[in-house]
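What follows is a single structure, written as structure tokens, with notes after it.
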Amino acid sequence: MKILYVGESYVGAIAAERRKILEDLGHRVLAVNSRHSWSRLHPLRLLYRASVILQYPLDLLGINRKLAALSVSQDPDLVWIDKGLNIYPATIRKIKARHPGITVVNFNPDNPFVPASRGWGWFKRCIPLYDFCLVPRQVSVAEYFQAGARRVSRFYWGYLPRLHRPVPVSGRDRQELGGGVGFIGTYEKPRGRLICHLVRAGVPVRVWGNDWTGLQSRPPNLRIEGRPVWDTQFVRAICSFKINLGFLNRQNRDTLNTRCLAIPACGGFLLAERTGDLPDLFREGVEAEFFADGAELADKAKFYLTRPAARLRIAAAGRQRCLTGGYSFENRMQEILHTIRSGGLTGIAAVGAAGAHPYRNLSSQVKEACQP
């Protein structure tokens, strides 16, 4: 199948990894990069940010023009748009008019329906034009249908076998990247509060990620590195921590994210919020550990820091669960492509419905959902 893929292509971007998976599955993929590389104070960056605040992001990279031109010159079977904040409705209509049999798919990792979200004006206008809308959280299914979506399917997060795997780490790695308890991710207030509670309870924490300058009051023994770690360095950091914290994006109403699957896939010990899909994916105390609040977080962190054998046993079991449970992005992409090829119906929203295990018997669920 020939696929025209629109998404971010920088090192570490999950969109770029999804594109590579499509290539590895034997498809011919034509890529359109949707990420700009302007510096923080570049005039175009400032202009773009202003347009996002006004809800209708400008296409300063000419993505719509490139997409329309490639759809003519390359005649793809499928157009896959990752996120697509500045994809215009007119572009999708133009593509469909020129190629009546083409399938246009959107996968949006974020949640455009939360009150504080910005820049979703064009995206919401495009929702009724997509043949399939793929969403990572169950709560979004009904919201997309209410916004006029034709077909909606839940697209679960996964891990990347090529990248997310155990790697040997040296003492120098542990010194440069790891430690006792660590978190890798962007700053959010709830995350900051829980980490500060943990540090004040006597557990040192090291943090990699963006925007942690937003944490105004930092207790002693909280080490903020002030930058993210990507790709193989991300994996080495996971393997260099004794305990890896897993937080979800509460603003997006996330119930799962790639980090919480990548950690056990790398053979790391996961201590995550007891919420969403995670307790269905990993057995508590056997394949991962969970907490409900700051007190339980501190208690479990202290407990497992002094019990290396238990940590290693749980981390190994979590890794095995990833391998046998079908949690990889390869599995997810294959399932979604099967759904798309089958044509699907609005009933496909039932795949992964609340109460169902998100990875158990997915093939049979997809097959049943796609029956005429």
Nearest 0.5 angstrom please: [X] [atom1] to [Y] [atom2], how far?
| X | Y | atom1 | atom2 | result |
| --- | --- | --- | --- | --- |
| Leu70 | Leu4 | CG | CG | 5.5 Å |
| Leu85 | Ile87 | CG | CD1 | 9.5 Å |
| Arg93 | Leu129 | CZ | CG | 5.0 Å |
| Leu297 | Ile195 | CG | CD1 | 8.5 Å |
| Arg307 | Lys242 | CZ | NZ | 13.5 Å |

Open item on the list: Looking only at the aromatic ring of each residue, does the gap between the centers of Phe183 and Phe247 stay below 6.0 angstrom?
Closed with: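 Judged by ring-centre distance (under 6.0 Å), Phe247 and Phe183 do meet the cut-off.
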- [ ] Verify whether the ring centers belonging to Tyr327 and Tyr156 lie closer than 6.0 Å.
- [x]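 No; Tyr156 has its ring centre 6.0 Å or more from that of Tyr327.
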- [ ] Given salt bridge (Lys or Arg N to Asp or Glu O under 4.0 Å), test Glu284 with Lys300 step by step and report yes or no.
- [x] CA-CA 12 Å; Glu284 184 168 2; Lys300 289 196 170 180; 3.0 Å; yes
Closest approach of [X] to [Y] (non-hydrogen atoms, all atoms of both residues):
| X | Y | value |
| --- | --- | --- |
| Cys266 | Val235 | SG-CG1, 3.8 Å |
| His36 | Leu61 | N-CD1, 3.7 Å |
| Leu44 | His42 | N-ND1, 3.0 Å |
| Pro166 | Cys239 | CA-SG, 4.2 Å |
| His197 | Gly294 | CD2-O, 3.1 Å |
| Ile63 | Val32 | CG2-CG1, 4.1 Å |

Tell me whether [X] contacts the main-chain N or O of [Y] through its side chain, where contact means a donor paired with an acceptor under 3.5 Å.
| X | Y | value |
| --- | --- | --- |
| Arg174 | Gly180 | no |
| Arg321 | Phe282 | no |
| Ser117 | Pro112 | yes |
| Trp122 | Pro57 | yes |
| Lys302 | Ala201 | yes |
| His99 | Ser71 | yes |
| Asn33 | Ser9 | yes |
| Ser34 | Glu8 | yes |
| Arg165 | Arg162 | yes |
| Asn221 | Pro204 | no |

- [ ] Dump the intermediate steps for salt bridge (Lys or Arg N to Asp or Glu O under 4.0 Å) on Arg283 and Glu289, then the final yes or no.
- [x] CA-CA 8 Å; Arg283 291 175 292 170; Glu289 268 295 1; over 6 Å; no
Open item on the list: Is it the case that atom CZ in Arg274 sees more than 12 heavy atoms from other parts of the structure closer than 6.0 Å?
Closed with: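 Buried by this count: over 12 neighbours within 6.0 Å.
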Task: Lys124, NZ: over 12 other non-hydrogen atoms inside 6.0 angstrom - done: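 For Lys124, atom NZ is crowded (more than 12 foreign heavy atoms under 6.0 Å).
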Open item on the list: Let's go through Lys2 and Asp77 carefully: what are the C-alpha distance in whole Å and the side-chain angles of both, what is the deciding distance for salt bridge (Lys or Arg N to Asp or Glu O under 4.0 Å) to 0.1 Å, and is it a yes or a no?
Closed with: CA-CA 5 Å; Lys2 189 186 295 185; Asp77 305 295; over 6 Å; no
TODO: Test Tyr5 against Asp82 for side chain to side chain donor-acceptor pair (under 3.5 Å), laying out the working first.
DONE: CA-CA 8 Å; Tyr5 192 98; Asp82 240 77; 2.8 Å; yes
Name each donor-acceptor pair under 3.5 Å that joins a side chain in residues 184-191 to protein atoms two or more places apart or in another chain, with its distance.
residue: Tyr187; atom: OH; partner: Gly214; partner atom: O; Å: 3.4
residue: Glu188; atom: OE2; partner: Asn249; partner atom: ND2; Å: 3.1
residue: Arg191; atom: NH1; partner: Thr186; partner atom: O; Å: 2.7

Note: [X]-[Y] ion pair, threshold 4.0 Å (strictly below):
| X | Y | value |
| --- | --- | --- |
| Arg28 | Glu23 | no |
| Arg250 | Asp254 | no |
| Arg154 | Asp277 | yes |

Open item on the list: Just so I know, are the side chains of Ile81 and Val105 near enough to count as touching, which here means a heavy-atom distance under 4.5 Å?
Closed with: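 Heavy-atom side-chain distance check fails, nothing below 4.5 Å.
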Task: Contact check, side chains of Leu271 and Asn244, non-hydrogen atoms, under 4.5 Å - done: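 Heavy-atom side-chain distance check fails, nothing below 4.5 Å.
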- [ ] May I ask whether Leu323 and Ile21 are part of the same hydrophobic cluster, defined by side-chain heavy atoms of I, L, V, M, F, W, Y residues being less than 4.5 angstrom apart, directly or through others?
- [x]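 In one cluster with Leu323: Ile21, yes.
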Task: Cluster overlap Phe269 with Ile263, hydrophobic side-chain contacts below 4.5 Å - done: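 Cluster IDs for Phe269 and Ile263 differ.
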TODO: Tell me, with the steps shown, if Arg223 and Glu225 meet salt bridge (Lys or Arg N to Asp or Glu O under 4.0 Å).
DONE: CA-CA 6 Å; Arg223 183 173 176 180; Glu225 296 297 341; 2.7 Å; yes
Open item on the list: Over 60° means perpendicular and under 30° means parallel, so tell me whether Phe329 and Trp157 are parallel, tilted or perpendicular.
Closed with: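 Taking Trp157 first and then Phe329, their aromatic rings stand perpendicular (interplane angle over 60°).
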- [ ] Please name all residues satisfying salt bridge (Lys or Arg N to Asp or Glu O under 4.0 Å) with Arg98, sequence neighbours left out, ordered by chain then number.
- [x]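 Arg98: no salt bridge (Lys or Arg N to Asp or Glu O under 4.0 Å) contacts found.
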- [ ] Any chance you could lay out the side chain to side chain contact (heavy atoms under 4.5 Å, CB included) test for Val135 and Asn108, step after step, and finish with the verdict?
- [x] CA-CA 6 Å; Val135 299; Asn108 184 7; 5.8 Å; no
Open item on the list: As a quick check of understanding, evaluate side chain to side chain donor-acceptor pair (under 3.5 Å) for Thr103 and Asp131, giving each step before the final call.
Closed with: CA-CA 6 Å; Thr103 300; Asp131 296 294; 4.8 Å; no
Open item on the list: Is it the case that the side chains of Trp212 and Asn210 hold a donor-acceptor pair, with the cut-off being a distance below 3.5 Å and no angle test?
Closed with: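 Side chains of Asn210 and Trp212: no pair found under 3.5 Å.
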TODO: Applying ring pair (Phe, Tyr, Trp, His ring centres under 6.0 Å) between Phe107 and each of Phe123, Tyr144, Phe155, report the one that passes.
DONE: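 Of all the options given, the one that passes is Phe155.
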TODO: Is it possible for you to check whether Arg311 lies under 6.0 Å from the centre of the six-membered ring of Tyr304, through NZ or CZ, and within 45° of that ring's axis?
DONE: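 No, a cation-pi geometry is absent between Arg311 and Tyr304.
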